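FYI, side chains are in, hydrogens and waters are out, and symmetry mates aren't considered; it's all heavy atoms of this structure. Fair warning: this is a prediction, and the values are worked out from it, not measured in the lab.
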Amino acid sequence: MNFALILFVLLVLTGLLWFVDRFFARKRRGPGDVAPWWVEYGASFFPVILVVFGLRSFVVEPFKIPSGSMIPTLLVGDFILVSKWTYGIRLPVVNKKIIEVGQPQRGDVMVFRYPVDPSLDYIKRVVGLPGDKVEYIDKQLRINGEKVAMEQTDNYLHPDRLYFSPQYVEKLGEVSHSILIEKEAPAFVSQVMNFPYRENCTYTSGGVSCVVPQGHYFVMGDNRDASSDSRVWGFVPDANIVGKAFFIWFNFNDMKRIGSFH
């Protein structure tokens, strides 16, 4: 379901009802005549839908975390806010950029339309920028030949499964964030898809090495061994970007999670 398209259709319909009622129908009604219910309700909903559509399209959009690929940064059930203008102003529905504002940076948590099925929204961390050489070999990340700093911390307890995972703090650009790496999980990438610019990647038993094409980004989940990401289905085109995730505004199971995150 394309909620943006549904909201746009409602905006157009209620806007037409408001316009017709405001400039034509009211003048033809006699004193004391009541407008038909469908005109009254449609016209009155127009300002509300206009505000919601404007905020959701150009300022912030709510998003619910559907999977555990971003644990421990984001948990299943987190409701987050996504900035729609950080990476440029885009036309609603078609998602075409019309005003350049900024570009994704390494370490950003980004929401985008899944390249394999653009009707789905995905969320991952930006690892590689256009032109970067990204290597993830034997559970170690390297960018342009330089090892990304990583330090082990206290193990992470999965509250829903009651087991521990090795936890590390990784620094991408200016962002320090936590990641999970399962030592027992194989290093090779399984079930690799045939994606655009697949020739830019080399797969071995130890992992993957890719050169990010221009206009694209390489993204990974913080739960490294439980994330289907650019290692599997390829690069994220700039045209698919939705926005930058920056705030948890609700979680039914843990109110303490409300706040900003890295």
Side-chain angles (χ1 to χ4, degrees), residues 1-11 52-53 56-58 60-71 73-98 103-104 106 108-130 132 134 136 185 188-203 207-208 210-246 248:
M1 181 183 296
N2 191 328
F3 184 73
L5 179 59
I6 293 174
L7 199 62
F8 178 73
V9 171
L10 289 175
L11 178 68
V52 172
F53 183 79
R56 189 181 185 278
S57 299
F58 303 108
V60 293
E61 180 179 348
F63 183 81
K64 182 181 179 182
I65 302 302
S67 71
S69 69
M70 285 297 293
I71 295 174
T73 306
L74 296 170
L75 306 184
V76 176
D78 281 345
F79 289 85
I80 66 172
L81 293 179
V82 178
S83 169
K84 298 299 292 288
W85 54 268
T86 302
Y87 302 140
I89 306 300
R90 298 172 185 264
L91 291 175
V93 182
V94 296
N95 205 44
K96 180 177 177 59
K97 186 187 295 186
I98 54 175
Q103 299 292 336
R106 296 189 195 97
D108 287 357
V109 178
M110 186 172 73
V111 174
F112 53 91
R113 294 178 177 177
Y114 181 36
V116 178
D117 181 0
S119 67
L120 301 176
D121 286 338
Y122 267 34
I123 182 167
K124 305 290 180 186
R125 190 175 298 277
V126 178
V127 172
L129 306 180
D132 281 349
V134 178
Y136 191 67
F188 68 88
V189 182
S190 61
Q191 299 179 331
V192 178
M193 298 182 184
N194 186 20
F195 51 85
Y197 299 103
R198 169 67 173 75
E199 65 276 9
N200 284 29
C201 297
T202 301
Y203 291 88
V208 61
C210 293
V211 175
V212 185
Q214 293 301 314
H216 292 72
Y217 298 88
F218 191 96
V219 298
M220 296 175 67
D222 289 346
N223 193 357
R224 291 286 162 82
D225 294 298
S227 172
S228 175
D229 47 41
S230 287
R231 294 170 290 176
V232 176
W233 41 256
F235 310 101
V236 178
D238 183 80
N240 286 45
I241 294 175
V242 173
K244 179 181 179 180
F246 68 97
I248 301 172

How many angstroms lie between CG in Asn223 and CG in Asp225, if you round to the nearest 0.5 Å?
7.5 Å
Output all residues satisfying side-chain contact (heavy atoms from CB on, under 4.5 Å) with Phe246, sequence neighbours left out; order by chain, then residue number.
Val60, Leu81, Ser83
Can you spot which of Val126, Val236, Asn95 makes a side-chain contact (heavy atoms from CB on, under 4.5 Å) with Phe112?
Val236
Taking atom NZ of Lys84 as the centre, report whether more than 12 heavy atoms of other residues, nucleotides or ligands fall under 6.0 Å from it.
yes
Pair listing, salt bridge (Lys or Arg N to Asp or Glu O under 4.0 Å) test, anchored in residues 188-201, at least two apart
none
Kindly indicate, with the supporting measurements, whether the criterion side-chain contact (heavy atoms from CB on, under 4.5 Å) is fulfilled by Ile241 and Lys97.
CA-CA 10 Å; Ile241 294 175; Lys97 186 187 295 186; over 6 Å; no
Would you compute the distance between atom NZ of Lys244 and atom CE of Met110 and round it to the nearest 0.5 angstrom?
11.5 Å
Evaluate the side-chain contact (heavy atoms from CB on, under 4.5 Å) criterion for residues Asp108 and Tyr87: first the C-alpha distance (whole Å), next the side-chain angles of each, then the deciding distance (0.1 Å), finally the verdict.
CA-CA 11 Å; Asp108 287 357; Tyr87 302 140; 2.7 Å; yes
Can you tell me if CH2 on Trp85 sees more than 12 non-hydrogen neighbours from other groups inside 6.0 Å?
no
Heavy-atom side-chain contact between Arg56 and Leu7 under 4.5 Å
yes
Do Asn200 side-chain atoms and Val211 backbone N/O form a donor-acceptor pair below 3.5 Å?
yes
Under the side-chain contact (heavy atoms from CB on, under 4.5 Å) test, residues paired with Pro130 that sit two or more places apart
Gln214, Tyr217
Rounded to the nearest 0.5 Å, what separation is found between the OH atom of Tyr114 and the OH atom of Tyr122?
4.0 Å
Which atom of Ala4 lies closest to which atom of Val93, heavy atoms considered:
O-CG2, 3.9 Å
Say whether, by atom type as modelled, one donor and one acceptor occur between the side chain of Trp233 and the main chain of Pro115 under 3.5 angstrom.
no
Using the six-membered ring wherever Trp is involved, compare the ring planes of Tyr197 and His216 and label them parallel, tilted or perpendicular (cut-offs 30° and 60°).
perpendicular
pair Ile80-Ile123: side-chain heavy atoms closer than 4.5 Å
yes
What is the ring orientation for Phe53 with Phe8, classed by angle as parallel under 30°, tilted 30 to 60°, or perpendicular over 60°?
tilted
By the definition side-chain contact (heavy atoms from CB on, under 4.5 Å), identify the one residue from Val242, Val111, Leu74 that meets it with Phe63.
Val111
Gap separating the CG atom of Asp132 from the CZ atom of Arg106, nearest 0.5 angstrom:
4.0 Å
Which residue pairs pass the salt bridge (Lys or Arg N to Asp or Glu O under 4.0 Å) test with at least one member in residues 111-127, sequence neighbours excluded?
Arg125-Asp222
Given the rule in the side-chain contact (heavy atoms from CB on, under 4.5 Å) test, do Ile65 and Met70 qualify, once you have shown the distances and angles that lead to the verdict?
CA-CA 9 Å; Ile65 302 302; Met70 285 297 293; 5.6 Å; no
Considering only residues two or more places apart or on different chains, which pairs with a residue in residues 226-235 satisfy salt bridge (Lys or Arg N to Asp or Glu O under 4.0 Å)?
Asp229-Arg231
Partners passing side-chain contact (heavy atoms from CB on, under 4.5 Å) against Phe79 (at least two apart in sequence or in another chain)
Lys64, Trp249, Phe250, Phe252
At their closest point, which heavy atom of Val208 faces which heavy atom of Cys201, and how far apart are they?
CG2-CB, 4.3 Å
Over all heavy atoms of both residues, which pair between Tyr203 and Ser230 is shortest? Give the atoms and the distance, please.
OH-O, 4.4 Å
Evaluation steps, side-chain contact (heavy atoms from CB on, under 4.5 Å), between Val189 and Val232:
CA-CA 7 Å; Val189 182; Val232 176; 3.9 Å; yes
